[in-house]
Amino acid sequence: MVRLSRSALAESSDVVAQALLGVILESEVGGARVAIRLTEVEAYGGAADPASHAYRGRTPRNEVMFGPAGFLYVYFTYGMHWCANVVCGPEGDGSAVLLRAGEVVEGVAVARVRRPTARNDRELARGPARLAAALGLTGADGGTDLLDPRKPVRLTGPLGSVASEDVATGPRVGLTKAAETPWRFWVRDDPTVSPYRAGALRRGGSPA
DNA sequence: GATAGGATGCTCT
DNA sequence: GAGCATCCTATCC
């Protein structure tokens with residue numbers, strides 16, 4: 001186990017992703033407190049990873065990815081969902097770890113209100129957009145320093161608390177590029193891990 | 001239980 | 001204008 005620090009998060013994204021499993025992410029937005037234990041993450045590289053938002057260089061949206069490690073990157077996708085990432089790697093690299101799922105360990109009642117469609121507590125944060133919704137995260141929270149205890153969103157607990165034999169790996173979910181890279185990491189046999197779905201055609205039509 | 005298809009709007013080309 | 005790091009509902013076992 002390693003103490004959670006900015007320098008520890010500045011390692012490459014695949015190393016940081018595994019280490020983040022078991023870490024607690026807590027938020028106090030809107031006056032309510034919710035904490036989640038991370039059970040599933042995905043690593044995204046910088047300019048060298050075609051699936052990363054940083055692949056095409058720095059833009060207004062992904063600017064925080066190129067900043068120092070330990071900051072929160074939140075983006076809006078599919079016209080309705082927010083997804084949360086932890087910036088990692090050396091400053092200027094553009095690497096990040098997508099937070100895909102977790103177990104709500106505090107503030108379950110609040111999370112239930114934010115996620116009315118969840119049929120049980122395991123589904124409260126099972127999926128990246130669901131995790132962000134359960135914590136109440138939106139684009140307004142992007143750029144928060146997750147290592148600053150005075151901020152409303154922060155990471156706590158040691159890195160690497162899940163033993164390596166309990167960490168499973170596989171391809172990343174829902175991508176259309178570099179989907180085969182095994183940079184998804186999850187806690188083996190944990191019921192809050194999201195179901196795998198391969199990337200597929202989205203809109204408009206019939207194949208051929 | 002599994003799978004297929006539609007919703008919806010921001011971002012970059 | 002096309003594409004998207006998704007979720008929900010309906011439907012069929």
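Protein chains get the first letters and strands the later ones, always in sequence-line order, with residue 1 at the start of each. No experiment lies behind these values; they were computed from the predicted model shown.
- For A:Phe76, the side-chain atoms get nearest to B:dC10 when compared with the rest of B:dC10, C:dT6, C:dC4.
- Considering only the side chain of A:Met80, B:dT8 comes nearest among B:dG9, C:dT6, B:dT8.
- Between C:dT6, B:dC12, C:dA5, one nucleotide has an atom nearer to the side chain of A:His81 than all others, and that is C:dT6.
- The residue A:Arg115 sits close only to the backbone: its heavy atoms come under 4.0 Å of sugar-phosphate atoms, none of a base.
- For the pair A:Tyr75 OH and B:dT8 P, the computed distance is 20 Å after rounding to whole Å.
- The environment of A:Arg56 atom CZ is sparse: at most 12 non-hydrogen atoms of other residues, nucleotides or ligands sit within 6.0 angstrom.
- Atom CG in A:Asn62 sits about 10 Å away from atom P in B:dT13, given to the nearest Å.
- With hydrophobic clusters built from ILVMFWY side chains whose heavy atoms lie under 4.5 angstrom apart, A:Val87 shares a cluster with A:Phe66.
- Taking atom CZ of residue A:Arg119 and atom P of nucleotide C:dA10, one finds them 11 Å apart after rounding to whole Å.
- Residue A:Thr117 has its side chain nearest to C:dC8 when only B:dC12, C:dA5, C:dC8 are considered.
- Separating the CH2 atom of A:Trp82 from the C1' atom of B:dC10 is a distance of 9 Å, rounded to the nearest angstrom.
- Following rounding to the nearest Å, A:Asn120 (CG) and B:dG1 (P) show an atom-to-atom distance of 10 Å.
- Ranking C:dA5, C:dT6, C:dC7 by closeness to the A:Arg130 side chain, first place goes to C:dC7.
- A donor-acceptor contact shorter than 3.5 Å is absent between the side chain of A:Arg126 and the backbone of A:Ala101.
- We find that CG of A:Leu99 is positioned 13 Å from P of C:dT6, with the value rounded to whole Å.
- Heavy-atom neighbours of A:Asp189 CG from other residues, nucleotides or ligands within 6.0 Å: at or below the threshold of 12.
- One atom, CG of A:Asn85, and another, C1' of C:dT6, lie 14 Å apart when rounded to the nearest Å.
- The backbone N or O of A:Arg33 lies less than 3.5 Å from no partner atom in the side chain of A:Glu106, so there is not a single donor-acceptor pair.
- Residue contacts shown for A:Ala51 include a base, since a base heavy atom lies under 4.0 Å away.
- For B:dC12, one of the phosphate oxygens OP1 or OP2 lies less than 4.0 angstrom from a side-chain nitrogen or oxygen of A:Thr59.
- In this structure, the CE atom of A:Met65 is 10 Å from the C1' atom of C:dA5, given to the nearest Å.
- Taking a pair as Watson-Crick or G-U with both hydrogen-bonding distances under 3.5 Å, the stems of three or more pairs touching DNA chain C are B:1-7 with C:6-12, B:9-12 with C:1-4.
- By the 4.5 Å heavy-atom criterion applied to side chains, A:Val162 and A:Phe185 are not counted as neighbours.
- For A:Arg100, a side-chain nitrogen or oxygen approaches OP1 or OP2 of C:dT6 to under 4.0 Å.
- Counted within 6.0 Å of CZ on A:Phe76, heavy atoms from surrounding residues, nucleotides or ligands total more than 12; the atom is thus considered enclosed.
- For C:dA5, the base is stacked against the aromatic ring of A:Tyr44, per a cut-off of 5.5 Å between centres and 30° between planes.
- Closest to the A:Thr176 side chain, of the nucleotides B:dC12, C:dC4, C:dT6, is C:dC4.
- Between the side chain of A:Ser95 and the backbone N or O of A:Ser13 there is no donor-acceptor pair closer than 3.5 Å.
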